[in-house]
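Here is the naming used below: chain letters follow the sequence lines, and residue numbers restart at 1 for every chain.
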There are 2 protein chains.
Amino acid sequence: MDRDEKRKRIVEIAGNFISRFGWQKTTMEGIAGKAKMAKSSLYYYFQNKEDIYQAVIERDSRMLRQKVWADISEVTSPTDKLSAYINARMTALQRLSNYYSTLTDEFLDKYSFVRYEREKFKLFEENTIHHILTEGCIKGIFKIENMQKTCDSIIMAIKGMEPILVLRKNFPRGDSIVENMLNLLFNGIRYKK
Amino acid sequence: MDRDEKRKRIVEIAGNFISRFGWQKTTMEGIAGKAKMAKSSLYYYFQNKEDIYQAVIERDSRMLRQKVWADISEVTSPTDKLSAYINARMTALQRLSNYYSTLTDEFLDKYSFVRYEREKFKLFEENTIHHILTEGCIKGIFKIENMQKTCDSIIMAIKGMEPILVLRKNFPRGDSIVENMLNLLFNGIRYKK
DNA sequence: TATCGAATAAAATATAAATACGGTCGAAAT
DNA sequence: ATTTCGACCGTATTTATATTTTATTCGATA
């Protein structure tokens, strides 16, 4: 097992600890124990605890973005894509929330890479929605005047669903809440003669 | 100044303290000081601190509902009403958030009337949106299949705007974010031939 | 190069003393 | 009779301090 493999292994173990017990209660000794090496050996692979945490967050964020992208790639129509996106995003967020649960403002100030990863997810979300909407326009299914602002609005609508959807484990295709919100976003409420 | 007047005065002072420093840092001695009476005299008008808090929350919630309703009554068209509602609701919420800022779960358990007032606001919001949408349907401006679920969706969309709108003091009519979200809710993004 | 155990420094936690605060009561003032 | 008050009590909160836990360093070793 070479250096890189071991680094990955440590990150995996640390991620397990953090998602289960949080950042504070995860100790270097605990990680070392699971990895079957002395505590001090960890410092051969990482500069410090913060460094491991950063690696964990980066790895998980990356995996989650991949998962979301894979899910929306499975369907073809833009409407289905939007539905799949919301579904994947919510379950993804639920997993990530374990990492962020203990997060205070001072914590965010101290470990700025957390902010950075969040910012990255925000950009990913904007790009993905933008991508889906553009595809819908090209296919002649959507008609959008101001693409940027419409993206923003849809993202805001998705964020409004968070409190309800994040509580439930998963919601099947055809979930009435998501379904209804999408219907609203697609058709609007104005009467067309 | 009779008994009732003094009660109102105390509630007003307490509300001022709570909105500025929060519930915990508001002391009976502080309120008494501003009201120019001894701490113990407060207990002649209210049973305990919790009682004052309850009176403050009730008063403010009532005032805010009145303010919101007054604002949407000033305009006539359902689209304007929805716009006015969001505007009024957000500024209202900003004031109220000062009361709720320090709120933890255990706090909510202890002071159940806070939950109660929140529930009341939720009902008020549902009714108001319902009212506006129904009016729009009658006037032939809106066309809504499932009224209840559409209400829910619009409320969720409004909640998604909170994080952005609550930060700013006030947003003029024609604010691009609100304007754009409303446009989306009204017209949707589906192409109509 | 990779691993370790022991030593150190910093942070978290537990303990004890001091203070602040909500609430009570009986007396005084109006 | 109604309203105000100061003194008092017990508990919750804060502060100060001791103790333990934990992150990190370092020299030795295989």
Side-chain angles (χ1 to χ4, degrees), chain A residues 1-18 20-57 101-111 113-114, chain B residues 1-18 20-57 99 101-114:
Chain A
M1 226 202 261
D2 69 342
R3 185 185 174 84
D4 231 47
E5 294 266 330
K6 282 214 172 141
R7 276 181 63 101
K8 279 186 189 168
R9 186 169 150 64
I10 291 168
V11 169
E12 195 189 325
I13 291 168
N16 231 314
F17 270 86
I18 292 171
R20 280 201 288 170
F21 311 115
W23 157 251
Q24 304 246 36
K25 287 181 182 171
T26 298
T27 70
M28 295 296 270
E29 204 155 335
I31 297 169
K34 266 276 184 228
K36 278 176 187 145
M37 50 170 77
K39 185 174 51 162
S40 52
S41 298
L42 291 176
Y43 290 84
Y44 180 70
Y45 297 97
F46 292 91
Q47 284 202 321
N48 49 38
K49 194 184 175 189
E50 185 181 329
D51 240 44
I52 299 179
Y53 186 42
Q54 177 159 13
V56 168
I57 298 250
S101 58
T102 47
L103 256 48
T104 63
D105 281 347
E106 46 176 341
F107 193 92
L108 283 172
D109 282 343
K110 201 169 177 189
Y111 304 105
F113 56 88
V114 178
Chain B
M1 228 202 263
D2 70 342
R3 186 183 175 85
D4 230 49
E5 293 266 331
K6 281 214 171 142
R7 276 181 64 100
K8 279 187 188 169
R9 186 170 151 63
I10 291 167
V11 170
E12 194 188 326
I13 291 168
N16 233 313
F17 270 86
I18 294 171
R20 280 200 289 171
F21 312 114
W23 158 252
Q24 306 248 31
K25 287 181 182 169
T26 298
T27 69
M28 294 297 270
E29 207 155 331
I31 297 169
K34 267 275 184 228
K36 278 177 187 146
M37 49 171 77
K39 182 177 60 161
S40 52
S41 297
L42 291 176
Y43 290 86
Y44 180 71
Y45 295 98
F46 292 92
Q47 282 202 322
N48 48 38
K49 194 185 174 188
E50 185 182 328
D51 240 43
I52 298 180
Y53 186 41
Q54 177 159 12
V56 169
I57 298 249
Y99 296 98
S101 59
T102 49
L103 257 48
T104 64
D105 281 346
E106 46 178 340
F107 192 92
L108 283 173
D109 281 343
K110 201 168 176 189
Y111 304 104
S112 56
F113 56 88
V114 177

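- Atom pair M37(B):CE and dT3(D):P shows a separation of 11 Å (rounding to whole Å applied).
- Across all strands shown, K25(A) has no heavy atoms under 4.0 Å from either base or sugar-phosphate atoms.
- R9(A) CZ to I13(A) CD1: the interatomic distance, rounded to the nearest 0.5 Å, is 4.0 Å.
- Among the protein residues, F46(B) comes within range of no part of the nucleic acid, since none of its heavy atoms lies under 4.0 Å from any strand.
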key: Criterion side chain to side chain contact (heavy atoms under 4.5 Å, CB included) on F17(A) and K25(A), from CA distance to verdict   = CA-CA 8 Å; F17(A) 270 86; K25(A) 287 181 182 171; over 6 Å; no

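- Atom-to-atom, OH of Y43(A) to P of dC26(D) comes out at 13 Å; the value is rounded to the nearest Å.
- At a threshold of 4.5 Å between non-hydrogen side-chain atoms, the residues Y53(B) and T26(B) do not count as touching.
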Donor-acceptor contacts under 3.5 Å from residues 27-40 of chain A side chains, at least two apart:
{"unit_1": "T27(A)", "atom_1": "OG1", "unit_2": "G30(A)", "atom_2": "N", "d": "2.9"}

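- Between atom CZ of residue R3(A) and atom OH of residue Y44(A) there is a gap of 5.0 Å, rounded to the nearest 0.5 Å.
- Five base pairs at each end of the helix from dT1(C)-dA30(D) to dT30(C)-dA1(D) define two local axes, and these are offset by 30° (rounded to 10°).
- Atom-to-atom distance recorded for I52(B):CD1 and I18(B):CD1 is 8.0 Å, nearest 0.5 angstrom.
- Within residues 27-36 of chain B, no residue has a heavy atom under 4.0 Å from DNA chain D.
- Between L42(A) atom CG and dT24(D) atom P the separation is 10 Å, expressed in whole Å.
- Straight-line distance from the OH atom of Y45(A) to the P atom of dT24(D): 18 Å, rounded to whole Å.
- Per the geometry, CG belonging to D51(A) stands 13 Å off C1' belonging to dT24(D), to the nearest Å.
- Residues satisfying the side-chain contact (heavy atoms from CB on, under 4.5 Å) test with E50(A), not counting sequence neighbours, are N48(A), Y111(A), F113(A).
- Summarising the geometry, the separation between NZ on K49(A) and C1' on dT25(D) is reported as 17 Å, rounded to the nearest angstrom.
- Both A38(A) and N48(B) lie near DNA chain C, and the one whose nearest nucleotide falls closer to the 5' end is A38(A).
- For DNA chain C, the outermost nucleotides in 5' to 3' order that have an atom under 4.0 Å from a heavy atom of chain B are dC21(C) to dC25(C).
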task = Heavy atoms under 4.0 Å is the rule here; annotate nucleotides 7-12 of chain D 5' to 3' with B where the base is hit, S where only the sugar-phosphate is, and - elsewhere.
result = ------

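- Note: CD (Q47(A)) to P (dT24(D)) measures 10 Å, nearest angstrom.
- Phosphate proximity of dC5(D) to Y44(B): absent, as no side-chain N or O sits under 4.0 Å from OP1 or OP2.
- Taking atom CZ of R3(B) as the reference point, atom P of dT2(D) lies 10 Å away to the nearest angstrom.
- Remark: Q47(A) engages D51(A) in a side-chain contact (heavy atoms from CB on, under 4.5 Å) (not counting sequence neighbours).
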